[in-house]
Amino acid sequence: MPDTTGASYAAAGVDIEAGDRAVELMKEWVKKTRRPEVLGGLGGFAGLFDASALKNYERPLLASATDGVGTKVDIARQLGVYDTIGHDLVAMVMDDIVVCGAEPLFMTDYICVGKVHPERVAAIVKGIAEGCVLAGCALVGGETAEHPGLLGADDFDVAGAGTGVVEADRLLGPDRIRTGDAVIAMASSGLHSNGYSLVRHVLLNEGGLALDAHLDGLGRTLGEELLEPTKIYSLDCLALMRTAEVHAFSHVTGGGLAANLARVIPDGLHAVVDRSTWTPGAIFDLVGRTGKVERLELEKTLNMGVGMIAIVPEESTEVALTALADRGVDAWVAGEITDRGEHTTGAELVGDYAA
């Protein structure tokens, strides 16, 4: 008799039951992010957020951002560690949103996998949920997509989108910055989630270093260093705004410190950042030495130890530093705002890093 068994989704590589189990496993973590404005639970077609909470604003402006984690996910895959990469995702999205002074409200995620391993997907969502708690936002929904044939069984990628709100007259940005303002640097927790294509190429491919290797200066394995989660500054920045006058923030991501700082500097003004005010962590030196990467190339690819910048009036400097120290944020005055003069860019690094 002819075979009458037709094609099926499962035969094509998509396991709906595994996806359902992943949803059940992640529910407890999503609950931990709940804010009072969130309606309904996980599993609906759309996440609901009660916008009547914005009635207390005179003129609420919604801020939105979307981002991913980049090739850092490959380090997580190789190490089989999935519950930290979500912190990176939340940081990439919500630390962009807070730059304009907005309070993070809610976030959605998108996880794309070659094959649904329920416990693995739940671990990723656990990290996202923990990151949302650190950012003060709710995780209101998301999507897990299984793409057999396009991705290997162990391959995955993550992305997310977030929304925040800021009062119009409290919006931060270039128009507030003045000559003489102080540039306050906040230390990064490491590489964060940028430049991993360079880092992986230099350290793992060309350098032949093993992820389980213990290297001088790191104090842990290379893999542990590379998976260190991106610091989430959102609540620190909001607390700083409540304590001191802030003119602008800059989230140091792809492109490096100078390029990202220049994005918030208005025409006619210039940010000068003194390298001698800090010492980049050992991982930055390791990448530079192993790959013989020139300093300017490192600086336009990696954060070099600074993850967030605050620009404040000179007279607010001490109050700002104290407020950040009280929250456990390592911060220092790294430069100042001057007239643009003959400079063709909005920001530059000068001097040499402290030994």
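- For the residue pair E314 and T317, the shortest heavy atom distance occurs at O-OG1, 2.8 Å.
- Distance alone, capped at 3.5 Å, is enough to place a donor-acceptor pair between the K72 side chain and the H192 backbone.
- The distance from atom CG of N56 to atom CD of E167, rounded to the nearest 0.5 Å, is 9.5 Å.
- Distance check: Q78 CD to D154 CG gives 11.0 Å after rounding to the nearest 0.5 Å.
- By the 6.0 Å contact criterion, CZ on R77 is enclosed, its count of non-hydrogen atoms from other residues, nucleotides or ligands being greater than 12.
- Nearest heavy atoms, P174 versus R263: CG-O, 4.4 Å.
- Expressed to the nearest 0.5 Å, how far OG1 of T84 lies from CD of E130 amounts to 9.5 Å.
- Relative orientation of the F106 and F49 rings is tilted, given thresholds of 30° and 60° on the angle between their planes.
- Residues F156 and I85 come closest through the heavy atom pair CE1-CG2, 4.4 Å.
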task = Begin from the C-alpha positions of L324 and I184 and carry the test side-chain contact (heavy atoms from CB on, under 4.5 Å) through to its verdict.
result = CA-CA 10 Å; L324 291 170; I184 293 179; 4.2 Å; yes
query = Should D181 and R176 be marked as a salt bridge (Lys or Arg N to Asp or Glu O under 4.0 Å) after you check the CA-CA gap, both sets of side-chain angles, and the distance that decides it?
reply = CA-CA 10 Å; D181 283 356; R176 292 179 179 262; over 6 Å; no
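- With rounding to the nearest 0.5 angstrom, the CG atom of L198 is 6.5 Å from the CD atom of E297.
- Rounded to the nearest 0.5 angstrom, C112 SG and E146 CD are separated by 9.5 Å.
- Taking the six-membered ring where the residue is Trp, W278 and W332 present tilted rings, their angle falling between 30° and 60°.
- Rounded to the nearest 0.5 angstrom, L261 CG and I311 CD1 are separated by 5.0 Å.
- L215 and L204 fall within a single hydrophobic cluster, where Ile, Leu, Val, Met, Phe, Trp and Tyr side chains are chained together by heavy-atom contacts under 4.5 Å.
- Between T279 and A355, the shortest heavy-atom distance links the atoms OG1-O, 3.4 Å.
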